[in-house]
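Values reported hereafter were calculated over all heavy atoms of this structure, with side chains retained and with hydrogens, waters and symmetry mates removed. Because the structure is a prediction, the values reported are computed rather than measured.
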Amino acid sequence: MYYLKTSACFDSAHFLHGYNGKCANIHGHHWVVEVQISGEKLQNSGEKRGMLLDFGDFKKAVKELAEGFDHAFIYEKNTLKPATITALKEEGFSLVETDFRPTAENFAAHIYADLCQRGLPVSCVTVYESPENCAVYGE
């Protein structure tokens, strides 16, 4: 089995609606995303001969996902009042609404699903919300 791994990072703010603790307040993280893909066979012809996947294509896909969250306020759908969202938008803030609670676990699952939809043979996604704490989603 062959494995490739790449990483990307993003800085963002979020909060955990309904949580009883400090994370119920808006706070930020320097998120680090590591993605591992796997496959049993390398490509056997063309310019990508001897490769599982071109690292450039792999890195680009992961970086694009991370950039979509970078320097944004990420919030779960239906957890902020419409007037709050309007006010933040009027102030020019970058907002990202998700269908999931923005936890490291859910980010890992979301990124895994997105990359699989793009046709990448993802085996696992690791999302660090701090240097000591991460969540892993995968096979």
**Student:** Under 6.0 Å from the CG atom of N133, do we count more than 12 heavy atoms belonging to anything else shown?
**Tutor:**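 Count over threshold, so yes.
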**Student:** Using the rule that two of Ile, Leu, Val, Met, Phe, Trp, Tyr join whenever any of their side-chain heavy atoms come within less than 4.5 Å, decide whether F100 and L95 are in one cluster.
**Tutor:**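 No, it is not one cluster - the side chains of F100 and L95 are not joined through contacts under 4.5 Å.
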**Student:** Hey, mind stepping through Y128 and H29 against side-chain contact (heavy atoms from CB on, under 4.5 Å) and telling me if it holds?
**Tutor:** CA-CA 9 Å; Y128 287 86; H29 292 285; over 6 Å; no
**Student:** Once rounded to the nearest 0.5 Å, what's the spacing between atom CG of L53 and atom CG of L42?
**Tutor:**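 One finds 11.0 Å between CG of L53 and CG of L42.
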**Student:** Output the distance between atom CD (E34) and atom SG (C9), rounded to the nearest 0.5 Å.
**Tutor:**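 If we round to the nearest 0.5 Å, E34:CD and C9:SG are 11.0 Å apart.
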**Student:** Quick one: CG on D57 to NZ on K48, what's the gap to the nearest 0.5 Å?
**Tutor:**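 Rounded to the nearest 0.5 Å, the CG-NZ separation comes out at 4.0 Å.
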**Student:** Which atom pair, heavy atoms only, marks the closest approach of C116 to V122?
**Tutor:**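 C116 and V122 have their closest heavy atoms at SG-CB, 3.9 Å.
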**Student:** Would you check, one step at a time, whether the test side-chain contact (heavy atoms from CB on, under 4.5 Å) holds for D11 with D70?
**Tutor:** CA-CA 5 Å; D11 297 295; D70 194 37; 4.0 Å; yes
**Student:** Applying a strict under-4.5 Å side-chain criterion to I, L, V, M, F, W and Y, I'd like to know whether L4 and L115 cluster together.
**Tutor:**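 Linked, L4 and L115 end up in one cluster.
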**Student:** Which is it for R49 and Q43 under the side-chain contact (heavy atoms from CB on, under 4.5 Å) test, yes or no, and what are the steps along the way?
**Tutor:** CA-CA 5 Å; R49 185 171 52 89; Q43 296 183 46; 5.7 Å; no
**Student:** Would you mind reporting whether Y75 and H17 have side-chain heavy atoms less than 4.5 Å apart?
**Tutor:**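 Side chain of H17 against side chain of Y75, heavy atoms only: no contact under 4.5 Å found.
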**Student:** Measuring from atom CG of L16 to atom CD1 of I26, what distance do you get when rounded to the nearest 0.5 angstrom?
**Tutor:**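 CD1 of I26 is found 11.5 Å from CG of L16.
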**Student:** For E97, which residues count as a salt bridge (charged side-chain N to carboxylate O under 4.0 Å, His left out) partner, sequence neighbours excluded?
**Tutor:**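 Here no residue qualifies.
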**Student:** What is the minimum heavy-atom distance between H14 and F73, and which atoms define it?
**Tutor:**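 Heavy atoms only, the tightest pair is CA-CE1, 4.0 Å.
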**Student:** Taking all non-hydrogen atoms of both residues, which atom of E40 and which atom of M1 are closest, and how far apart?
**Tutor:**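 That would be CG-CE, 3.6 Å.
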**Student:** What are the two closest heavy atoms between D114 and R118, and how far apart are they?
**Tutor:**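 Shortest heavy-atom separation between D114 and R118 comes out as OD1-NE, 2.7 Å.
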**Student:** Taking only residues two or more places apart in sequence, or in another chain, which ones meet T84 in a side chain to side chain contact (heavy atoms under 4.5 Å, CB included)?
**Tutor:**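 With sequence neighbours excluded, T84 shows a side chain to side chain contact (heavy atoms under 4.5 Å, CB included) to L80, K81, L88, given in chain and number order.
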**Student:** Show, in sequence, the C-alpha distance, side-chain angles and deciding distance for E129 and F107, and conclude whether the side-chain contact (heavy atoms from CB on, under 4.5 Å) test is met.
**Tutor:** CA-CA 10 Å; E129 67 173 28; F107 274 120; over 6 Å; no
**Student:** Establish whether V136 and V32 are linked, either directly or via other cluster members, by ILVMFWY side-chain heavy-atom contacts under 4.5 Å.
**Tutor:**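 Cluster IDs for V136 and V32 differ.
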**Student:** Considering all heavy atoms of both residues, which atom of H71 and which atom of S94 are nearest to each other, and what is their separation?
**Tutor:**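 Smallest interatomic distance, heavy atoms only, reads O-CB, 3.7 Å.
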**Student:** Applying a strict under-4.5 Å side-chain criterion to I, L, V, M, F, W and Y, I'd like to know whether F93 and F15 cluster together.
**Tutor:**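 They do share one cluster, since a chain of ILVMFWY contacts under 4.5 Å joins F93 to F15.
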**Student:** Got V127 and Y137 here, is their nearest side-chain heavy-atom distance under 4.5 Å?
**Tutor:**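 Side-chain contact under 4.5 Å: no.
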**Student:** Rounded to the nearest 0.5 Å, what separation is found between the NE2 atom of H27 and the OG atom of S12?
**Tutor:**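 Separation between the atoms: 9.0 Å.
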**Student:** For residues F10 and F69, establish whether the separation of their ring centroids is below 6.0 Å.
**Tutor:**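 Close enough - the centres of the two rings lie under 6.0 Å apart.
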**Student:** Any idea which heavy atoms bring G39 and L52 closest together, and the distance?
**Tutor:**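 Answer, listing the atom of G39 first, then L52: CA-CD1, 3.6 Å.
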**Student:** Report the residue from T6, D54, V35 that forms a side chain to side chain contact (heavy atoms under 4.5 Å, CB included) with K59.
**Tutor:**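 It is T6; the other options fail the test.
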**Student:** Is there side-chain contact between L65 and V33, with heavy atoms separated by less than 4.5 Å?
**Tutor:**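 No, side chains not in contact.
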**Student:** Does the side chain of Y2 reach to within under 4.5 Å of the side chain of M51, using non-hydrogen atoms?
**Tutor:**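 The answer is no, as the side chains (C-beta and beyond) never meet within the 4.5 Å cut-off.
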**Student:** Does a side-chain heavy-atom distance below 4.5 Å link C124 with E139?
**Tutor:**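 Not in contact.
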**Student:** Say you draw a straight line from NZ of K5 to OG of S123; how long is it, rounded to the nearest 0.5 Å?
**Tutor:**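 It is 9.0 Å, given to the nearest 0.5 Å.
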